[in-house]
Novice: 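Below is one structure. I have some questions about it.
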Amino acid sequence: MTAVDIKPKRRGSNRPMWDEEPSLVGKSLKSLFLIAYAAAIVVPLWAIVATSFASEEALNRAGGNLLLLPTDLSLAAYHEIFSGGALTDSLLLTIILTVGGTAFSMVLTVCGAYALSRTSSLLHRPILMLVLFTFLFGPGMYPSFLVVQKLGLFNDYLSLILPVALSGFNLIVLRAFFMNTIPGELLDAARIDGAGEFRILLTIVLPMSKAILAVVALFYAVGYWNIYFSAVLYTPGLETQPIQVVLQRMLMSTQGLPESAAGAAQYQPQGEAAPTAALKMAVVVCTVIPIVIMYPFIQKHFTKAVITGAIKG
């Protein structure tokens, strides 16, 4: 039998629908759907960025609507944000909260997860049960507010970090990764060589857990960067608020809401400053772009962290 006589083997007629070779029409419809889906995400983001660079004349010609192709480019909105006023202080506060809060949360989560991953540690099971208990019953808004108030953290920036410093979900995920991925024999060998628990954690466990640590750190960073409700609830009397609160006040002040207009007056451009629409879009860009830039560098770790942590070693 020659190579010409060999025919490809056909599959049975009862082959599943999803295993069929898509037709040309099916491929075209899938391509159109993906293009439309991508456009629904990219076009609004592009309109926000383009409007933030628009001049006051271009916005007036557009009737205050978002622009896709601004003709007159201007950096007045970003100059207003980074000129050292209230918007600059809010942005710096958000950066400090994000960096400091993420670092503090990672220290607590890593230490707690490593301790709970050692089944022979002191009070291992009761502490683990308390952590799991938080998955079923949350504290609620009023009890949380009373705790913050009684601890003297009301109108204190620490109230934006301490109540959410430790996530039970992140703790359990990291604990499972340590237990299922880090070989116990490797840790036993390190103990035989005289290494203590902190040295084992710093020199063995953490270098082998870069993927899951990057994912957990991203979860914490996004939470601190987008902090809003805690700031409204715990720090209403402080002059400088996180950037998300400032953006909300700016948006509501243009909708004729008297309660928010007074609070947002300090964030409105004065004189010949940036146009209101461009300034609002510039603030949106400053709140979104850092997370958008961070995701591509962390995304490659997501699959590795989830798959590795789900496999029983």
Novice: Gln241 side chain to Thr235 main-chain N or O, any donor-acceptor pair under 3.5 Å?
Specialist: yes
Novice: Would you say the side chain of Tyr220 lies within less than 4.5 Å of the side chain of Val164, judging by non-hydrogen atoms?
Specialist: no
Novice: So, the side chain of Tyr157 versus the backbone of Leu97: is there a donor-acceptor pair under 3.5 Å, distance only?
Specialist: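 Checked: no pair found.
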Novice: Which pair of non-hydrogen atoms, one from Ser159 and one from Leu153, has the smallest distance, and what is that distance?
Specialist: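 Answer, listing the atom of Ser159 first, then Leu153: CB-O, 3.3 Å.
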Novice: Taking all heavy atoms of Leu201 and all of Pro207, pick out the closest pair and write down the distance.
Specialist: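 Answer, listing the atom of Leu201 first, then Pro207: O-CD, 4.4 Å.
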Novice: Would you call Arg118 and Glu197 a salt bridge, using N to O less than 4.0 angstrom?
Specialist: no
Novice: Which heavy atom of Trp225 sits nearest a heavy atom of Cys286, and at what distance?
Specialist: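 Heavy-atom minimum between the residues: CZ2-O, 3.3 Å.
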Novice: Could you check whether the rings of Phe145 and Phe154 sit parallel, tilted or perpendicular, using 30° and 60° as the cut-offs?
Specialist: perpendicular
Novice: Looking only at atom types and distance, does a side-chain atom of Thr109 sit under 3.5 Å from a main-chain N or O of Met106, one as donor and one as acceptor?
Specialist: no
Novice: Just to verify, what does Thr119 make a side-chain contact (heavy atoms from CB on, under 4.5 Å) with, not counting sequence neighbours?
Specialist: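 side-chain contact (heavy atoms from CB on, under 4.5 Å) list for Thr119, sorted by chain: His124, Met179.
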Novice: Heavy-atom count check: over 12 atoms from other residues, nucleotides or ligands less than 6.0 Å from Arg191 CZ?
Specialist: yes
Novice: Are any of the side-chain heavy atoms of Val246 and Arg249 separated by less than 4.5 Å?
Specialist: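 Side chain of Val246 against side chain of Arg249, heavy atoms only: no contact under 4.5 Å found.
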Novice: Got a donor-acceptor contact below 3.5 angstrom from the Asn170 side chain to the Val216 backbone?
Specialist: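 Not at all, since once roles are kept as given, no pair shorter than 3.5 Å links the two residues.
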Novice: Which distance, rounded to the nearest 0.5 Å, do you find between the CD1 of Ile81 and the CG of Leu279?
Specialist: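 Interatomic distance, Ile81 CD1 to Leu279 CG, rounded to 0.5 Å: 5.5 Å.
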Novice: If you compare all heavy atoms of Gly112 against all heavy atoms of Leu171, which two are closest, and at what distance to 0.1 Å?
Specialist: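 Of all heavy-atom pairs spanning Gly112 and Leu171, the closest is C-CD1, 3.5 Å.
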Novice: Would you check if the side chain of Thr134 reaches a backbone N or O of Gly168 as a donor-acceptor pair within less than 3.5 Å?
Specialist: no
Novice: Can you tell me how far CZ of Phe53 sits from OG of Ser74, rounded to the nearest 0.5 angstrom?
Specialist: 10.0 Å
Novice: So if I apply the side chain to side chain contact (heavy atoms under 4.5 Å, CB included) rule between Val205 and each of Val110, Leu186, Ile200, Thr181, which one comes out positive?
Specialist: Ile200
Novice: Apply the test side-chain contact (heavy atoms from CB on, under 4.5 Å) to residues Leu68 and Val43: give CA-CA distance (whole Å), side-chain angles for both, the deciding distance (0.1 Å), then the verdict.
Specialist: CA-CA 8 Å; Leu68 291 178; Val43 171; 4.1 Å; yes
Novice: Just checking Tyr37: does its OH atom have more than 12 heavy atoms from other residues, nucleotides or ligands closer to it than 6.0 angstrom?
Specialist: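 It does not: Tyr37 OH has 12 such atoms or fewer within range.
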Novice: Might you work through the side-chain contact (heavy atoms from CB on, under 4.5 Å) test for Ile172 and Leu128, ending with a clear yes or no?
Specialist: CA-CA 9 Å; Ile172 296 301; Leu128 180 60; 3.8 Å; yes
Novice: State plainly whether one hydrophobic cluster holds both Ile293 and Val222, where clusters connect Ile, Leu, Val, Met, Phe, Trp and Tyr through side-chain heavy atoms under 4.5 angstrom apart.
Specialist: yes
Novice: Which hydrophobic side chains are connected to Ile96, either touching it within the sub-4.5 Å cutoff or through other members that do?
Specialist: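 None; Ile96 is a cluster of one.
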Novice: How long is the gap from CG on Leu174 to OG on Ser209, to the nearest 0.5 Å?
Specialist: 7.0 Å
Novice: How close do Ala278 and Ala54 get, heavy atom to heavy atom, and via which atoms?
Specialist: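 Of all heavy-atom pairs spanning Ala278 and Ala54, the closest is CB-O, 3.9 Å.
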Novice: Rounded to the nearest 0.5 Å, how far apart are CG of Leu130 and CZ of Arg125?
Specialist: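 Answer rounded to 0.5 Å: 12.5 Å.
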Novice: Would you compute the distance between atom OG1 of Thr94 and atom CD1 of Ile227 and round it to the nearest 0.5 angstrom?
Specialist: 9.0 Å
Novice: Are the side chains of Gln244 and Thr287 in contact, using a 4.5 Å heavy-atom criterion?
Specialist: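 Yes. Closest side-chain heavy atoms under 4.5 Å.
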Novice: Check whether Ser105 reaches the backbone of Thr102 with its side chain - one donor and one acceptor, N or O, closer than 3.5 Å.
Specialist: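 No; judged by distance alone, with no hydrogens or angles, the pair does not exist.
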Novice: Counting N and O atoms only, with roles assigned by atom type, does the side chain of Asp193 sit under 3.5 Å from a partner on the main chain of Ala195, one being a donor and the other an acceptor?
Specialist: no
Novice: Between Val49 and Val292, is there a shared hydrophobic cluster once you connect ILVMFWY residues whose side-chain heavy atoms come closer than 4.5 Å?
Specialist: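 In one cluster: yes.
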Novice: Quick one: does Leu247's side chain get under 4.5 Å of Tyr228's, heavy atoms only?
Specialist: no
Novice: Within the side chain of Ser117, is there an N or O that forms a donor-acceptor pair under 3.5 Å with the backbone of Arg175?
Specialist: no
Novice: What closest approach, in Å, do Asn155 and Gly237 show between heavy atoms, and which atom pair accounts for it?
Specialist: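 Closest heavy-atom pair between Asn155 and Gly237: OD1-N, 2.9 Å.
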Novice: Is there a path from Ile35 to Leu24 through hydrophobic residues (I, L, V, M, F, W, Y) whose side chains come within less than 4.5 Å of each other?
Specialist: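 Each belongs to a different hydrophobic cluster.
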Novice: The test is side-chain contact (heavy atoms from CB on, under 4.5 Å); show your working for Leu108 and Phe104 and say whether it passes.
Specialist: CA-CA 6 Å; Leu108 292 180; Phe104 182 63; 3.6 Å; yes
Novice: Can you measure from CE (Met141) to CZ (Phe229) and round to the nearest 0.5 angstrom?
Specialist: 5.0 Å
Novice: If you define the side chain from C-beta out and look only at heavy atoms, does anything of Pro242 sit under 4.5 Å from Gln248?
Specialist: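 No, every pair of side-chain atoms sits at 4.5 Å or beyond.
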Novice: Does one hydrophobic cluster hold both Phe169 and Tyr224, with members joined at side-chain heavy-atom distances below 4.5 Å?
Specialist: yes
Novice: Are the side chain of Thr51 and the backbone of Met281 linked by a donor-acceptor contact shorter than 3.5 Å?
Specialist: no
Novice: Would you check if Tyr78 and Val285 make a side-chain contact, meaning some heavy-atom pair closer than 4.5 Å?
Specialist: yes
Novice: Answer yes if Leu116 and Leu202 sit in the same cluster of Ile, Leu, Val, Met, Phe, Trp and Tyr residues linked by side chain heavy atoms under 4.5 Å apart, and no otherwise.
Specialist: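 Looking at the clustering, Leu202 is in the same group as Leu116.
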Novice: Any side-chain heavy atom of Pro163 within less than 4.5 Å of one from Val148?
Specialist: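 SC-SC contact between Pro163 and Val148 confirmed.
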